[in-house]
Amino acid sequence: MKPQNKFQAAVVEASKKLPSITQEQIQWGYQNCIEHIGQRTSKAKITCTECNHVFTGEEGEHQCPNCKAKLKVQTTNKRIFKSCEYLCFITTCQGYQVIRYLMIKCTAKADSYPEYTHAEVMQRWIAPDGRYCTFAKLRQTMGTMYYDSWIFSTPLELRSEVDAYNRLFPYYYYPKRQLIPELKRTGIKKRHFNQRPFDVYRALLKDNRMETFLKSGQTHLFKAFLSDTSRKLDNYWASIRICIRNGYQIKDATMWFDYIDYLRMFGKDLHNAKYVCPNDLHKEHDRYIQKKAKADAQEEIEKLREKEESFREAKAKFFGLVFSDGHIQVRVLESIEEIILEGKLMHHCVGGYYSKIDSLILTACIDGKKMETIEVSLSKLQVIQSRGVCNKNTEYHNQIVQLVEKNIPLIEQRLAA
Ligand SMILES: [Zn+2]
């Protein structure tokens, strides 16, 4: 595609100065990135797929006595072995950091020489300020799920960013590397911390605090911020500075972040080494977990208490209301606790009804045994429902409903009071 802005135009211009990958570098890739196979028959006859020399031996790692290639010996009837690897080059061009990806494919056969092919499939260009763009070949995107389905015949040119570029995780690196001065001075050298160099370099170039982590030996912090980009460094920076100043090494970064979050929650001074540099992080972290659990429980109790109070305020005028036909006794439930308990005993969902402003919840008993729970609409002054255990009606269902309906005037009286 054509450059979309000045930055991309400048990179495209610079890319004209990038030398091609040399034959020597490609050869290095063939030798070092591809696993050579020794094809072994059940009669212990091993064929070197590099030079087709035949010798005898066991499974495992062997060196071919003829071509000296390191062989991984497999006992198999298979005669064709295909492999595909990436070789990554870390280099610079015109003040940009460039990461180049060479794809190497090899088809090795037990009866002929191996065939190697290669193509440079992607380049990532990073400016000293962290901005970047990507040059790539086109990929086959129909009918395949693989991110590495590059079409070798397409040109390597500026492309709009797609997620697939980020999924390419290099395993092999060409030994000679070059870094732009802005990266060299960070002391990163050859370390990638198990992340893609692209991410490492950009993290360092975008935020000089990452460089501070490297230089102060806080590599666990460096790794943590690298692998979890959603975590905001600003939230911890003040405390991290205290740690660095006190020579306090953060070894378990995620636990330390959690711990700092707890300190923040409990209003502790995040600039105070006494808090942010605990001798026993594990112990302090656990202590705050306990503390938080207690605070949560307390809050829960407070909330219930508040709810109970507002329930009482809304429904107190109906408390003490009881009526009976001499056999069935009906009374108003007088607290949230009582309503929840009723729901549990009766295995129905009345437990959540305490918050219904328009509803009055009553319970019907015979000789102290719970029969049904009744919901009355206060605006309509009607029975909405009456339910027994597990939402089933009892044989007294109609009697109960009739009894409540007959006594609706009592509810109406209280409502008017
Ligand atoms: Zn050989």
Side-chain angles (χ1 to χ4, degrees), residues 18-91 98-124 136-140 144-156 164 167-178 189-192 194 196-198:
L18 186 71
S20 301
I21 291 174
T22 64
Q23 270 310 312
E24 192 193 338
Q25 290 172 320
I26 293 163
Q27 208 55 44
W28 187 94
Y30 287 173
Q31 276 162 12
N32 293 281
C33 307
I34 299 292
E35 191 173 62
H36 306 298
I37 304 289
Q39 190 252 2
R40 183 180 181 273
T41 63
S42 48
K43 287 173 187 154
K45 200 179 83 175
I46 299 171
T47 308
C48 168
T49 58
E50 279 297 293
C51 70
N52 297 320
H53 177 71
V54 178
F55 57 104
T56 51
E58 296 305 309
E59 280 198 334
E61 306 272 335
H62 278 285
Q63 196 178 39
C64 169
N66 182 44
C67 72
K68 309 294 176 207
K70 252 191 221 161
L71 300 177
K72 195 180 171 201
V73 176
Q74 296 175 5
T75 305
T76 173
N77 290 326
K78 221 166 77 171
R79 313 230 358 123
I80 300 174
F81 304 88
K82 287 187 180 202
S83 55
C84 173
E85 297 290 345
Y86 289 97
L87 173 58
C88 180
F89 296 86
I90 309 284
T91 187
V98 189
I99 306 168
R100 311 175 73 168
Y101 293 83
L102 183 76
M103 191 188 219
I104 298 172
K105 286 184 175 179
C106 175
T107 306
K109 294 175 186 167
D111 49 12
S112 67
Y113 292 117
E115 287 162 25
Y116 287 97
T117 49
H118 67 271
E120 186 173 11
V121 292
M122 184 167 83
Q123 291 169 357
R124 307 203 92 169
K137 286 189 179 292
L138 285 177
R139 288 167 311 116
Q140 182 75 256
T144 171
M145 278 160 55
Y146 297 111
Y147 59 85
D148 52 0
S149 53
W150 304 98
I151 307 169
F152 276 21
S153 59
T154 58
L156 180 76
R167 274 185 271 156
L168 222 158
F169 202 105
Y171 182 71
Y172 295 102
Y173 289 90
Y174 190 68
K176 211 175 147 204
R177 304 182 193 202
Q178 282 179 315
K189 293 184 182 146
K190 288 186 174 182
R191 290 176 293 174
H192 300 137
N194 217 5
R196 293 171 311 140
F198 174 71

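Atoms within each ligand, like the ligands themselves, are counted from 1 in listed order. The basis for the numbers below is simple: all heavy atoms, side chains too, and nothing from hydrogens, waters or symmetry mates. Start at 1 with the first residue, then count along the sequence.
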S.K.: When the ring planes of Tyr173 and His192 are compared, do they come out parallel, tilted or perpendicular, using 30° and 60° as the limits?
M.R.: tilted

S.K.: Within His36, is some N, O or S atom less than 2.8 Å away from the Zn ion (ligand 1)?
M.R.: no

S.K.: So, using salt bridge (Lys or Arg N to Asp or Glu O under 4.0 Å) as the criterion, who are the partners of Glu120 when residues are at least two apart?
M.R.: Arg100

S.K.: Verify the neighbour count for atom CG of Asp111: are there more than 12 heavy atoms of other residues, nucleotides or ligands below 6.0 Å?
M.R.: yes

S.K.: Need one value: angle at the Zn ion (ligand 1), Cys67 atom SG versus Cys51 atom SG, rounded to 10 degrees.
M.R.: 120°

S.K.: Cation-pi check for Phe152 against Lys105: NZ or CZ below 6.0 Å from the six-membered ring centre and within 45 degrees of the axis, yes or no?
M.R.: yes

S.K.: Would Cys64 count as a contact for the Zn ion (ligand 1), in the sense that one of its N, O or S atoms lies under 2.8 Å from it?
M.R.: yes

